[in-house]
Structures are given as structure tokens and as C-alpha cells.
Amino acid sequence: MLEEVERWLTDRSWSVTDRPLHRILAAKRATGRTVSVVLPALNEEATVGDIVSVIRRDLMLRCPLVDEVVVVDSGSTDRTSEAAAAAGATVVHRDAILPRIPAVPGKGEVLWRSLLVTRGDIVCFVDADLREFSSDFVTGIVGPLLTDPDVHLVKAMYDRPLGAAAGQGGRVTELMARPLLNLHWPQLAGFVQPLGGEYAARRSLLERLPFPVGYGIELGMLVDALHLVGLDALAQVDVGVRKHRHQDGQALGRMAAAIYRTAQLRLARAHLIRPALTQFERRGTAFEPRTHPVDTEERPPMTDIAEYRTRRVA
């Protein structure tokens, strides 16, 4: 590990207990910064309402840390929107945001569009499939941004069990993202959960970043933020344990391919001849190929979008 990273692990890796809530609230009052929490959601009826309820109860009603909770529904076929709205979130459909640009499937697409329907100086992203959710996930990653003006992006770190097996979650992280970062961006080798979906950043940073539309969003954002603001502007906070719905092996393969594509674009900005992934499924006595496209599109920095610039002026 680079000496720079060893130092960073000491200076920029914290626990949620390092910043008590009263200190974070005092910093929010002193700075006047506002906080938006965004949940990208696709068929998360079972969990999204509980997450919204905890955030509203702990961080809006009991104390004024969070100014808005927005759920962006990316095309759910269940009652995700209804559950989120009943819990008190503002619910916006992905396709209703910036309709002049047709939406494409993908998590990064939803996060990019969320910048147009939120107002916070600090934007906190939380995945909508978390179980046994604690508001520490929000206070942990928002706290450094309110108390330290030199920090621009904070990732949550946590244990990731896979069923009853402790520490066995995050398979794509260990098999794809961590090797890529260690080999090509060793300054980022200190991140415990580089692909984690819980992170917060200053809007002033987010609006200058391109957004990979799919699963490459987390790796792409880390790499681009490193180049834009430097390692010392990035941090991570231990918030405990993350429990969520796990995907099957083939879905993880598609995720890994998208992440590799994102890394490749940043390494060379070259054109891929065939951005697709072929996987196999048994059908009777034979294995049949199934080919899936790999996300190749990215959204530009939000400051390039006329509607966003107009809104800022207004």
C-alpha cells in the first residue's frame, strides 16, 4: 500500500461515533448547509418504506438534520412508489425528470437525474433494499461534510454478511473492483467498500462529474472525484453492518462487466469493439447462450445541462 494511502487511512477513515449528532447539528446550524437524501428504487416495496420512516423519524422529526427525502422510482412494477409516499418521502418517477433526454435503465441514470429534483447542498445516496436500517448510515456519511470543509465525498464502510456467512458479501467488490483500483488507481486502495451504495457528497462536486448510467456509477464516481478534488477530499466512515437483498451470480457478472467497462473508459477513453457479455443457462441437456449489453453510455456533468443551469439562476 502506498504511504499516502496509509496516512489517508489514519486521517480520513472514521467511525460514526467520532461525530456525535449534537456536533453535526451544530455544524449544520453554523454553516447553513442543507441535506437531501436520495433513494434510487426499483421494485423495493418491501424495504423502502421502512428506510424512509427511520430517516424521517430520527433525522427530520426528532432533529432537523435532513431537509428532504426523495425516492426516485426507476420503473417499479410493485408498490414501491406508494410505500415510499406513505412513509413520507417525496416520490418522483425517473422518466418525469428531464424528459427531453430519454431515460435508460440503470442506477447511475437515476442518481444523475436526482440532482435536478433535489435542493440540498449535500446529497446523500442510500440504496432502497437495506434491511434493519439505521439512521447512522446517514449521519455517519453526512457528518464529515458538515464539520470538515476540506471533505467533499464520504463513503460508508461496513461489514457485509452473505446470509449467515460474515464478511462474505460484496463479491463483485473483491473479484472486480478492488483488483482494478489496486492495479490502476492505487490511491483508492484504502476504500473498504468502494462499490457501496451509501455515500454523500457536496453538490458542488456531484454537478461537475459525469455519471455512468449503470452499475459503474460508484467506481466511476470515486475515480473521477480523485482526479477532480484529490485523495484528501475523500473519506470513509464505519457505520456497522449492511444487510440487503443479494443478487444471483449472473446478475453479478453483468455488474462486473459494467464496472470493468467504466474502468476501461477511464484508463484509455477508447472505443470498445463489442460492449456485450455472454452468459450461459442450462436448458434441458444443453447450455444456451444469453448475451446482454454492457452499459456504455454516460451522462455529462449536470452543469452542462441547460435546465439545471436555469434552475440555479432562478
**Student:** With a 3.5 Å cut-off and sequence neighbours excluded, list the donor-acceptor pairs that the side chains of residues 208-221 form with protein atoms.
**Tutor:**
| from | atom 1 | to | atom 2 | distance (Å) |
| --- | --- | --- | --- | --- |
| Arg208 | NE | Ser204 | O | 2.9 |
| Glu218 | OE2 | Lys107 | NZ | 2.9 |
| Glu218 | OE2 | Tyr199 | OH | 3.0 |

**Student:** Is any side-chain N of the basic residue among Glu109 and Arg113 closer than 4.0 Å to the acidic one's carboxylate O?
**Tutor:**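 Yes, charged N to carboxylate O under 4.0 Å.
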**Student:** Between Cys63 and Leu21, which heavy-atom pair has the shortest distance, and what is it?
**Tutor:**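 In terms of heavy atoms, the two residues are closest at SG-CD2, 3.7 Å.
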**Student:** Would you say that Val237 contacts Ser15 through its side chain, given a criterion of any heavy-atom pair below 4.5 Å between the two side chains?
**Tutor:**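 No. Closest side-chain heavy atoms not under 4.5 Å.
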**Student:** Can Asp224 and Arg266 be counted as an ion pair, charged N to O under 4.0 angstrom?
**Tutor:**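 Yes, Asp224 and Arg266 are salt-bridged.
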**Student:** Same cluster or not: Leu61 versus Val69, using hydrophobic residues (I, L, V, M, F, W, Y) connected whenever any side-chain heavy atoms lie under 4.5 Å apart?
**Tutor:**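 Shared cluster, no.
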**Student:** Do Val151 and Val154 make a side-chain contact, defined as non-hydrogen atoms from C-beta onward lying under 4.5 Å apart?
**Tutor:**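 Yes, their side chains come closer than 4.5 Å.
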**Student:** Hey, any chance Val192 and Leu180 share a hydrophobic cluster, counting ILVMFWY side chains that come within less than 4.5 Å of each other, even indirectly?
**Tutor:**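 No, it is not one cluster - the side chains of Val192 and Leu180 are not joined through contacts under 4.5 Å.
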**Student:** Apply the test salt bridge (Lys or Arg N to Asp or Glu O under 4.0 Å) to residues Glu198 and Arg242: give CA-CA distance (whole Å), side-chain angles for both, the deciding distance (0.1 Å), then the verdict.
**Tutor:** CA-CA 10 Å; Glu198 291 69 49; Arg242 183 185 196 265; 2.6 Å; yes
**Student:** State yes or no: do Phe133 and Val241 share one hydrophobic cluster built from I, L, V, M, F, W and Y residues joined by side-chain heavy-atom distances below 4.5 Å, directly or via other members?
**Tutor:**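 No, separate clusters.
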**Student:** Write down the atom of Ala41, the atom of Val71, and the distance for their closest heavy-atom approach.
**Tutor:**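 Shortest heavy-atom separation between Ala41 and Val71 comes out as CB-CG1, 3.9 Å.
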**Student:** Is the shortest heavy-atom distance from the side chain of Asp238 to the side chain of Val16 under 4.5 Å?
**Tutor:**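 In short, these two side chains do not touch, never coming nearer than 4.5 Å.
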**Student:** Any side-chain heavy atom of Val38 sitting closer than 4.5 Å to one from Val126?
**Tutor:**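 Side-chain contact under 4.5 Å: no.
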**Student:** Contact between Arg203 and Ile122 at the side-chain level, heavy atoms closer than 4.5 Å - yes or no?
**Tutor:**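 No, every pair of side-chain atoms sits at 4.5 Å or beyond.
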**Student:** Under 3.5 Å, is there a donor-acceptor pair linking the side chains of Thr47 and Asp50?
**Tutor:**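 No, because no side-chain N or O of Thr47 sits under 3.5 Å from a partner of the opposite role on Asp50.
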**Student:** Mind listing the closest non-hydrogen atom pair of Arg94 and Val104 along with its distance?
**Tutor:**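 What the structure gives for the nearest pair is NH1-O, 4.0 Å.
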**Student:** So, Glu207 and Thr303: side-chain donor and acceptor under 3.5 Å apart, yes or no?
**Tutor:**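 Thr303 and Glu207 do not have a side-chain donor-acceptor pair below 3.5 Å.
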**Student:** Are Phe191 and Trp8 close enough that their ring centers fall under 6.0 Å?
**Tutor:**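 Distance test on ring centres: under 6.0 Å, yes.
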**Student:** Would a 4.5 Å heavy-atom cut-off, applied to side chains only, mark Gln187 and Leu2 as touching?
**Tutor:**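 Side-chain contact under 4.5 Å: yes.
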**Student:** Honestly curious: do Met157 and Leu130 fall in one hydrophobic cluster under the side-chain, below-4.5 Å linking rule?
**Tutor:**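 No, Met157 does not connect to Leu130 through the hydrophobic network.
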**Student:** Checking the side chain of Asp78 only, and the main-chain atoms of Glu45 only, is there a donor and an acceptor separated by less than 3.5 Å?
**Tutor:**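 Present.
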**Student:** When you compare the side chain of Leu65 with that of Ile24, does any pair of heavy atoms fall below 4.5 Å?
**Tutor:**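 The answer is yes, as the side chains (C-beta and beyond) meet within the 4.5 Å cut-off.
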**Student:** Answer whether the closest heavy-atom distance between the side chains of Leu181 and Met176 falls below 4.5 Å.
**Tutor:**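 With C-beta onward as the side chain, the pair stays apart.
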**Student:** With a 6.0 Å cut-off (strictly less than), is the heavy-atom count around OH of Tyr308, excluding the residue itself, greater than 12?
**Tutor:**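 Atom OH in Tyr308 is crowded, with more than 12 foreign heavy atoms closer than 6.0 Å.
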**Student:** Would Leu98 and Val92 show up in the same hydrophobic cluster when neighbours are defined by side-chain heavy atoms closer than 4.5 Å?
**Tutor:**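 Yes, one cluster joins them.
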**Student:** Just jot down the side-chain contact (heavy atoms from CB on, under 4.5 Å) partners of Ala233, sequence neighbours excluded, or say none.
**Tutor:**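 Applying side-chain contact (heavy atoms from CB on, under 4.5 Å) to Ala233 gives His152, Val229.
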**Student:** Going through the distances and angles, do Asp121 and Lys28 end up as a salt bridge (Lys or Arg N to Asp or Glu O under 4.0 Å)?
**Tutor:** CA-CA 11 Å; Asp121 302 304; Lys28 177 178 166 66; over 6 Å; no
**Student:** Give a yes or no answer on whether the side chain of Lys155 reaches the backbone of Pro194 with a donor-acceptor pair at less than 3.5 Å.
**Tutor:**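 Judged by distance alone, yes, a pair lies under 3.5 Å.
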**Student:** Does any donor atom in the side chain of Thr80 or Asp73 lie under 3.5 Å from an acceptor atom in the other side chain?
**Tutor:**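 Not at all, the side chains of Thr80 and Asp73 share no donor-acceptor pair under 3.5 Å.
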**Student:** Given salt bridge (Lys or Arg N to Asp or Glu O under 4.0 Å), test Arg33 with Asp67 step by step and report yes or no.
**Tutor:** CA-CA 10 Å; Arg33 301 292 186 188; Asp67 298 280; over 6 Å; no
